Amino acid sequence: MCGIVGYIGENNCVPILIEGLKRLEYRGYDSAGIGIINHDECRVVKTKGKVSELENLISEIQIESNLGIGHTRWATHGEPSMVNAHPHLNTDHTLFLIHNGIIENYLSLKKGLEKEGYVFKSETDTEVLAHLIDHYLKMKHSLFQAVRYALNEVEGTYGICVIYKREPDKIIVARKGSPLVIGIGENENFVASDVNALIAHTKQVVYLEDGEIAEVYKDSFTTKTISDETIIKEIHQVDIGIDEISKGGYPHFMLKEIMDQPESIYNSLRGRLVYNEGISKLGGLQGFEERIINSNRILISACGTSWHAALVGEYMIEQYAGIPVEVEYASEFRYRHPIISKDDTVIFISQSGETADTLAALKEAKKKGALCLGVCNVVGSSIARESDAGVYIHAGPEIGVASTKAFTAQLTVLALITLLIARRRNLSLPEGQEVIKELQQITNKVEIILKQNEYIEKIADQYVNCRNFLYLGRGYNFPVALEGALKLKEISYIHAEGYPAAEMKHGPIALIDDNMPVVFIATQDSVYDKIISNIQEVKARKGRILAIVNEEDEQIENMVDHIIRVPKTHNMLTPILTVIPLQLLAYHIAVKKGLNVDQPRNLAKSVTVE
Ligand code: AGP
């Protein structure tokens, strides 16, 4: 949820920390700060607000150092404020700590420390850890051991960086439940929440696992478990380019990522289609195919947009692979004592691979013996590494908080998984080849829709001041209705609800009047006639209607106020196309409302706390 960055080396760390925090701001951005140690000088600069405000503050005071840490926050304990911003310090300001996660037993730890005379300045759980480490330093432990002892008392999650005036040659980092990566440079080393903050400097990275703690020097690092056993970590090569995490000339990351979808969908397909056999080839599932194909049941668990993708996956797998599917909110799944057996396969979908509820649901399913598959975007993420097997969606870094290209890449991968299973069960070769033919054309069809961007922007003008929306769809387009509503809600702050179109009659139709725009996703599928009736029901009550229809459609245009046309495709791939106009509609409405599209209020890109 928060962005963490640290530097130790030959260069001035301050600009490196600021630049790193800017690349992590999508993880949280309600307050920010840095702490540096330069020989005898220990300085902390922190502020409420965005990293740019921190940068302005720093520009007024010339500070530099070869050792420093930085943090951009998404508040969990204690409101966004300068006092609650990180880094947090010990009493004599010789130790700085930044933290991503939640210390669940912080109140009991705080009480014990207060009894020892520690005085707290902030309302945060993190400050408790700074004083707890100080408590062990006073017992003459080294910084490494003091951090290790302190963390052994902590319940909850953490990704932390610690620097200390009396040991200015190192950064101590540790993780449990929140991601942490070490970047290996030339006579300099970096630490961060994720590789986006590192790849401008190095592509050699080390992923810390839960329960690991490391001492990072400028020219080396050592790693141990939290119980003090030495471990050797592998150095990975990251293949993300810096251009992939910059805006590329677009006004917002979100628009760049919407426009990137032909490429991201192509990348999620690349090397995975075998036309002459009508099958998909998924290396990440090698050795597990038989178990998946013979699953008694497939569950799919996720949150938010990824949960909407899961709903599409349910339609795909049940219709074409003939295996019962259940879709579960991860936050419910992890606590409702689900009945799971080793004959079940559970798919966990997560763009970040770090969503706390989804990771916890995965651990729950694993404990019960199910085969757990991860469908993630971030390589080396916790969910990806915790899964038994999985399929990366290869959508590239998604910086905008509102998920767009990851969603269509998730749908593409779910189609590939469906194809793999279905061709081993009841899908014929011609049927499999038909799916592959459509997948090979899907990126061109996405291009056709994206060319309507300006047209959709004009439509958005008509809806900027609306206060409520209904999104309606049937079949494969029902989850698209939910996703379209979420996109609008989370970046324009307009209330929007998605429903199965037939559900209108069971209550929501009472809402319809000329102030309530209704978005219908009405492509020509097996329930097309039914949705036409739903459109007429809304029309009869003076509802304003925007319809997403196929290019060939000649019926609906005269019934509605606005229409956006999408090419036809295989019915299980329809959501990949019908969601795109809804992404653009939400984007343009939010921009016209002057809102921060890439960093909507109250949200964070990766919800790594409950
Ligand atoms: C989607 O636009 C939101 N950002 C949010 O619902 C997101 O999909 C959800 O938090 C799940 O994230 P994940 O895919 O990284 O697990």
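Position 1 is the first residue of the sequence, and the numbers go up from there. Please read these numbers as outputs of a predicted model, since none were measured by experiment. Counting starts at 1 for both ligands and their atoms, in listed order.
Scanning all protein heavy atoms for the shortest distance to atom 13 (P) of ligand 1 gives Thr355 OG1, 3.3 Å. Here the heavy atom of the protein found nearest to atom 9 (C) of ligand 1 is Cys303 O, 3.8 Å. The closest protein non-hydrogen atom to atom 2 (O) of ligand 1 is Glu490 OE2, 2.4 Å. Looking from atom 10 (O) of ligand 1 to the surrounding protein, the closest heavy atom is Val607 CG2, 4.1 Å. Nearest protein heavy-atom neighbour of atom 4 (N) of ligand 1: Val401 O, 2.8 Å.
Applying side-chain hydrogen bond (donor to acceptor under 3.5 Å, both in side chains) to Thr523 and the options Asn571, Thr569, Asn477 leaves one that passes, Asn477. When each of Asp598, Asp260, Leu584 is paired with Leu255, the side chain to side chain contact (heavy atoms under 4.5 Å, CB included) condition holds for Leu584 and for no other.
Ligand 1 has a nitrogen or oxygen under 3.5 angstrom from a nitrogen or oxygen of Thr305. For ligand 1, the polar-atom distance check finds no N/O of Gln410 at less than 3.5 Å from any of the ligand's N/O atoms. Of the polar atoms of Gly304, none of the N or O atoms is found under 3.5 Å from an N or O of ligand 1, judged by distance alone. Residue Ser403 has at least one nitrogen or oxygen atom sitting less than 3.5 Å from a nitrogen or oxygen atom of ligand 1, judged on distance alone.
Within the 4.0 Å heavy-atom cutoff, Ala402 counts among the residues contacting ligand 1. Taking a 4.0 Å cut-off on heavy atoms, Glu354 fails to register as neighbouring ligand 1.
Atoms of ligand 1 found under 4.0 Å from any heavy atom of Ser306, numbered from 1 in the order shown, are 8 (O), 13 (P), 14 (O). Remark: ligand 1 atoms within the under-4.0 Å shell around heavy atoms of Lys487 are 1 (C), 2 (O).
Taking the six-membered ring for Trp and thresholds of 30 and 60 degrees, Phe190 and His201 have nearly parallel ring planes, at less than 30 degrees apart. Taking the six-membered ring where the residue is Trp, His99 and His86 present parallel rings, their angle staying beneath 30° rather than reaching 60°. Between Tyr463 and Phe469, the ring planes are tilted. Angles from 30° to 60° get that label.
Salt bridge Asp30/Lys48: absent, no basic N to carboxylate O contact under 4.0 Å.
The shortest distance between side-chain heavy atoms of Ser403 and Glu398 falls below 4.5 Å.
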Salt bridge (Lys or Arg N to Asp or Glu O under 4.0 Å), that's the test. Do Lys233 and Glu212 meet it? Break it down for me. CA-CA 10 Å; Lys233 299 291 287 180; Glu212 293 180 350; 2.8 Å; yes
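Cation-pi check for Arg175 over Tyr158 is not met; the charged atom does not lie both under 6.0 angstrom from the ring centroid and within 45 degrees of its normal.
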